[in-house]
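Encoded as structure tokens, the structure appears first; notes follow it.
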2 protein chains.
Amino acid sequence: MFKVNKLTDYATVVMVDLVSADLARPSQKIANNTGIPYPTVNKLMKDLLHAGLVRSHRGINGGYSLASPANKITIADIIQAVEGPIALTSCVNNSLDKCTYEDFCAVQGRWNRVNKAVVTALKKVTVADMT
Amino acid sequence: MFKVNKLTDYATVVMVDLVSADLARPSQKIANNTGIPYPTVNKLMKDLLHAGLVRSHRGINGGYSLASPANKITIADIIQAVEGPIALTSCVNNSLDKCTYEDFCAVQGRWNRVNKAVVTALKKVTVADMT
DNA sequence: CCTAAATAGTACCAATTCAGTACAGTATTA
DNA sequence: TAATACTGTACTGAATTGGTACTATTTAGG
């Protein structure tokens, strides 16, 4: 089945939860709000942080908050944060994999077009739209 | 990484190969043309046949041919043939899975919009475009 | 300055999915 | 009727995924 990781799905839920956070919101509270297990939220937040989608504050009263307005963060951003570069096949330009058939492949480079179309579609939907 | 199955990738290569086939083309020949292992081609053709994307002819001089003009078969068709319904998350309407958080999920139903956008993008690229 | 709260990093494991293979059966044509 | 090629099903090793555990580090507040 063609789908995103479950973790990516969770990540959107987390991001939507953070829309309503004025202060930094700790992982534990996010877990309570969303029903996603605490350790899993914890793991997710690391990915979202590294991608620059959320800010973190350590210590007492610490937690996470959105790094940008909800209508500036897209589904494409979230997918990339959790799963890495969007590359439908290994012959797409920014793929981390390497295609072993590359040299004689009949569709060489053609997937770039498909990939671009999908990314464009994913960039059109923002966290604000998911709320 | 957000990507399609390798088999889906292979399927597009197979479909592109069939574009140049006047007569029915046997799996063995497709395997030779594309470099994809014969047993794998065989498996693929079954999926493509069941989805109605190719026609089959048994016996001597048998093989496969496209069921429709190359510019009428889309990437979305191929993905669905190999991987089943396109459902980015289990809370998308036509998903085969069932979401366990459904009852209290904050993004309930919102993924339908994303899914639709992606499917639309995938329907815009045809086998003819990949040739 | 010390303690509790909360993030940060790394590593691990069970379960599922995927890619590839094998084989017995059926239809078709020469 | 024999050779060719599709059809259906089932299996296996390898890779990925989802989820967990643990230790280290940072910060606020008394």
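Everything numeric here is computed off the predicted structure, so don't read it as measured data.
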Interatomic spacing from CG in A:Asp9 to OG1 in B:Thr89 - rounded to 0.5 Å =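 Output value for this atom pair is 4.5 Å.
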Categorize [X] for me: base, sugar-phosphate, or nothing, with a 4.0 angstrom heavy-atom threshold over every strand shown.
X	result
B:Pro39	base
A:Lys46	base
A:Asn42	nothing
A:Tyr10	sugar-phosphate

key: Options C:dT7, C:dC18, C:dA5, nucleotide nearest the side-chain atoms of B:Asn5   =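 The nucleotide sitting nearest to the side chain is C:dC18.
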ask   = Do A:Thr74 and A:Asp77 get their side chains close enough for a donor-acceptor pair, meaning under 3.5 Å?
value = yes
task = Can you see which heavy atom on A:Leu53 is nearest to which on A:Ile73, and at what distance?
result =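 Nearest heavy atoms, A:Leu53 then A:Ile73: O-CD1, 4.0 Å.
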inquiry  = Does a side-chain N or O of A:Asn61 approach OP1 or OP2 of C:dA5 to a distance below 4.0 Å, or not?
reply    =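 A:Asn61 to C:dA5 OP1/OP2: no side-chain N or O under 4.0 Å.
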key: Under 4.0 angstrom between A:His57 side-chain N/O and D:dA28 OP1 or OP2   =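 For D:dA28, OP1/OP2 do not have a side-chain N/O of A:His57 under 4.0 Å.
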inquiry  = Whether the side chain of A:Arg58 and the base of D:dT25 hold a donor-acceptor pair under 3.5 Å is what I'd like checked.
reply    = yes
key: A:Tyr38 OH - D:dG18 P separation (whole Å)   = 21 Å
request  = Could you pick out which residue, B:Glu83 or A:Tyr64, lies toward the 5' side of DNA chain C when each is mapped onto its nearest nucleotide?
outcome  = A:Tyr64
